[in-house]
Amino acid sequence: MPKPWADQPFGLIPTPTEEQTKGFDKVVIDVAREMCLAHNAMIRNLNAIYLQCEQITVPKDQADFIIFCQAAIEVIHTHHQMEEANFFPQIAEYTGEPDIMQKNIEQHRAFDAGLTVFEEYIYKLTPEKYDGVELKRLLEDFAKVLVVHLNDEIQTLLALQKYGGEKLGPIFENFNKNVMNEAKDKHRLLPCALGCIDRTFEGGKNADFPPFPFFVPYLVKYYFARRYSGSWRFTPCTMFGQPRPLEFTKDAVAT
């Protein structure tokens, strides 16, 4: 049987269907779809951590894996920080509904504590103190709640249809720019982010995500990824969006 991959145990989110979005503004559909794909990228990295952490026993591998875990958390942290700093407030302003994103903000608070514990743990962790069992336990403490939020937020964005998409497009574009600008170390964020994007997802119909120039994966692979090159062995995809086997997973167990 094939080894488990980064589409489990935390399930990926299907993109909005044509039936679900019949008659919707194209901008609303595109924003919800791109946010869905961004969320799936985060989920794949969480799964890659979950599936590999207990099998990493060599100190050099552990040191590299710790950096991968740190980078994966930085991607999540930056994304949600920028949502609360500008994306959610701008949605509230354009809809005229001050509390429209309140449920999503409350969901952030629901996983914040567990995410912070994991973050503090992974930044203090060294190969000498590495414990894959404990790392997985701390991940489980926040990941399930986080994934529920990542699912629910797509429905919140689709519900913006009633306000139209004319202003939503520029708001979302500004959010993406702010995420990139906020990245403290692009030598960590860019390889980690690209390494969890699967361009074959849903039969390849989302292969245009993310919408960047063709040379970006080459730039990331041959420049940005070099500084921490050993850490990107653990990503579920290549820098070009092709899924690949996870190097340190256990063999699948027949049921």
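Count residues from 1 along the sequence. Please read all numbers here as calculations on a predicted model, not as lab measurements.
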Determine the minimum heavy-atom distance between Pro217 and Leu194, stating which atoms define it.
-> CA-CD2, 3.9 Å
Gln242 (side chain) donor-acceptor with Asp198 (main chain) under 3.5 angstrom | no
Side chains of Gln20 and Gln155: closer than 4.5 Å at any heavy-atom pair?
-> yes
Is Glu134 paired with Arg137 through a side-chain N to carboxylate O contact shorter than 4.0 Å?
-> yes
More than 12 heavy atoms of other residues, nucleotides or ligands under 6.0 Å from NZ of Lys205: is that the case?
-> yes
Between CD1 on residue Ile43 and CG on residue Asn151, distance to nearest 0.5 Å = 6.0 Å
Between Phe88 and His108, does a ring-ring contact (aromatic ring centres under 6.0 Å, His included) hold up when you go through it step by step?
-> CA-CA 12 Å; Phe88 289 176; His108 283 191; 5.6 Å; yes
Is it true that Arg44 and Asp7 make a salt bridge, defined as a side-chain N closer than 4.0 Å to a carboxylate O?
-> no
Run the ring-centre check on Phe240 versus Tyr218 and record whether the distance is less than 6.0 Å.
-> yes
Are a donor atom and an acceptor atom from the side chains of Gln90 and Asn86 found within less than 3.5 Å of each other?
-> no
With a 4.5 Å limit on heavy-atom distance, are the side chains of Trp5 and Pro236 in contact?
-> yes
Indicate whether the side chain of Gln55 and that of Thr249 have a donor and an acceptor atom separated by less than 3.5 Å.
-> no
Full working for side chain to side chain contact (heavy atoms under 4.5 Å, CB included) between Asp185 and Tyr228 | CA-CA 11 Å; Asp185 188 347; Tyr228 306 105; 3.3 Å; yes
Mind checking whether Leu51 and Val58 sit in one hydrophobic cluster, side chains of I, L, V, M, F, W, Y counted as touching below 4.5 Å?
-> no
Between the NZ atom in Lys129 and the OH atom in Tyr121, the distance rounded to the nearest 0.5 Å is 10.0 Å
Side-chain heavy-atom pair Leu46, Leu146 within 4.5 angstrom cut-off | yes
Backbone N/O of Thr17 and side chain of Thr21: donor-acceptor pair under 3.5 Å = yes
Would you say the side-chain atoms of Thr200 pair up with the backbone N or O of Gly204, donor to acceptor, closer than 3.5 Å?
-> no
If you measure only the distance, is there a donor-acceptor pair under 3.5 Å linking the side chains of Thr126 and Glu128?
-> yes
With rounding to the nearest 0.5 Å, note down the distance linking CG in Asn104 to CD in Glu83.
-> 7.5 Å
Within the distance-only criterion (no hydrogens, no angle test), does the side chain of Asn174 pair as donor or acceptor with the backbone N or O of Pro170 below 3.5 angstrom?
-> no
Carboxylate-amine/guanidinium proximity below 4.0 Å for Asp208 and Arg199 | no
Any chance you could measure Cys192, atom SG, to Phe68, atom CZ, to the nearest 0.5 Å?
-> 5.5 Å
Distance-minimising heavy-atom pair for Ile49 and Ala72 = CD1-CB, 4.0 Å
If you count the non-hydrogen atoms of other residues, nucleotides and ligands that lie under 6.0 Å from CD in Gln81, is the total more than 12?
-> yes
Val133-Leu138 co-clustered via ILVMFWY side chain contacts under 4.5 Å | no
Does the side chain of Glu182 reach to within under 4.5 Å of the side chain of Asn178, using non-hydrogen atoms?
-> no
If you look at every heavy atom in Lys136 and Cys53, which pair is closest and at what distance?
-> CB-SG, 3.7 Å
Is the closest side-chain heavy-atom distance between Met35 and His79 below 4.5 Å?
-> yes
Has the side chain of Glu202 got a donor or acceptor atom that lies under 3.5 Å from a matching backbone atom of Thr15?
-> yes
Apply side chain to side chain contact (heavy atoms under 4.5 Å, CB included) to the pair Arg233 and Phe248, showing each step before the final yes or no.
-> CA-CA 10 Å; Arg233 295 178 287 153; Phe248 291 89; 4.2 Å; yes
Taking atom CD1 of Ile197 and atom SG of Cys237, what is their separation to the nearest 0.5 Å?
-> 8.5 Å
Side-chain heavy atoms of Val220 within contact of Val216, under 4.5 Å = yes
Side-chain donor or acceptor of Lys186 paired with backbone N/O of Met180 under 3.5 Å = yes
Is any side-chain heavy atom of Pro211 less than 4.5 Å from a side-chain heavy atom of Glu34?
-> yes
Listed partners of Asp25 passing salt bridge (Lys or Arg N to Asp or Glu O under 4.0 Å), at least two apart = none
Any sub-3.5 Å donor-acceptor pair from Tyr130's side-chain atoms to Ile66's backbone N or O?
-> no
Any luck finding a side-chain donor-acceptor pair between Thr235 and Arg244 under 3.5 Å?
-> yes
Asp152-Gln107 side chain donor-acceptor pair, cut-off 3.5 Å = yes
Here the gap from Gln70 atom CD to Ile73 atom CD1, rounded to the nearest 0.5 Å, amounts to 10.0 Å
On a heavy-atom basis, the closest approach of Ile13 and Cys36 is O-SG, 3.2 Å
Phe10 and Tyr50 aromatic ring geometry - parallel, tilted or perpendicular at 30°/60° bounds | perpendicular
If you look at every heavy atom in Ala48 and Ala6, which pair is closest and at what distance?
-> N-CB, 4.4 Å
Would you call Lys3-Glu247 a salt bridge at under 4.0 Å N-O?
-> no
Hey, any chance Val148 and Phe118 share a hydrophobic cluster, counting ILVMFWY side chains that come within less than 4.5 Å of each other, even indirectly?
-> no
What do you reckon, are the aromatic ring centroids of Phe111 and Phe142 less than 6.0 Å apart?
-> no
Closest heavy-atom pair, Gly11 versus Val147, reported as atoms and distance to 0.1 Å, is O-CG1, 4.2 Å
Pair Glu74 + Lys184, salt bridge at N-O below 4.0 Å = no
For the residue pair His80 and His149, does the interplanar ring angle fall in the parallel (under 30°), tilted (30 to 60°) or perpendicular (over 60°) class?
-> tilted
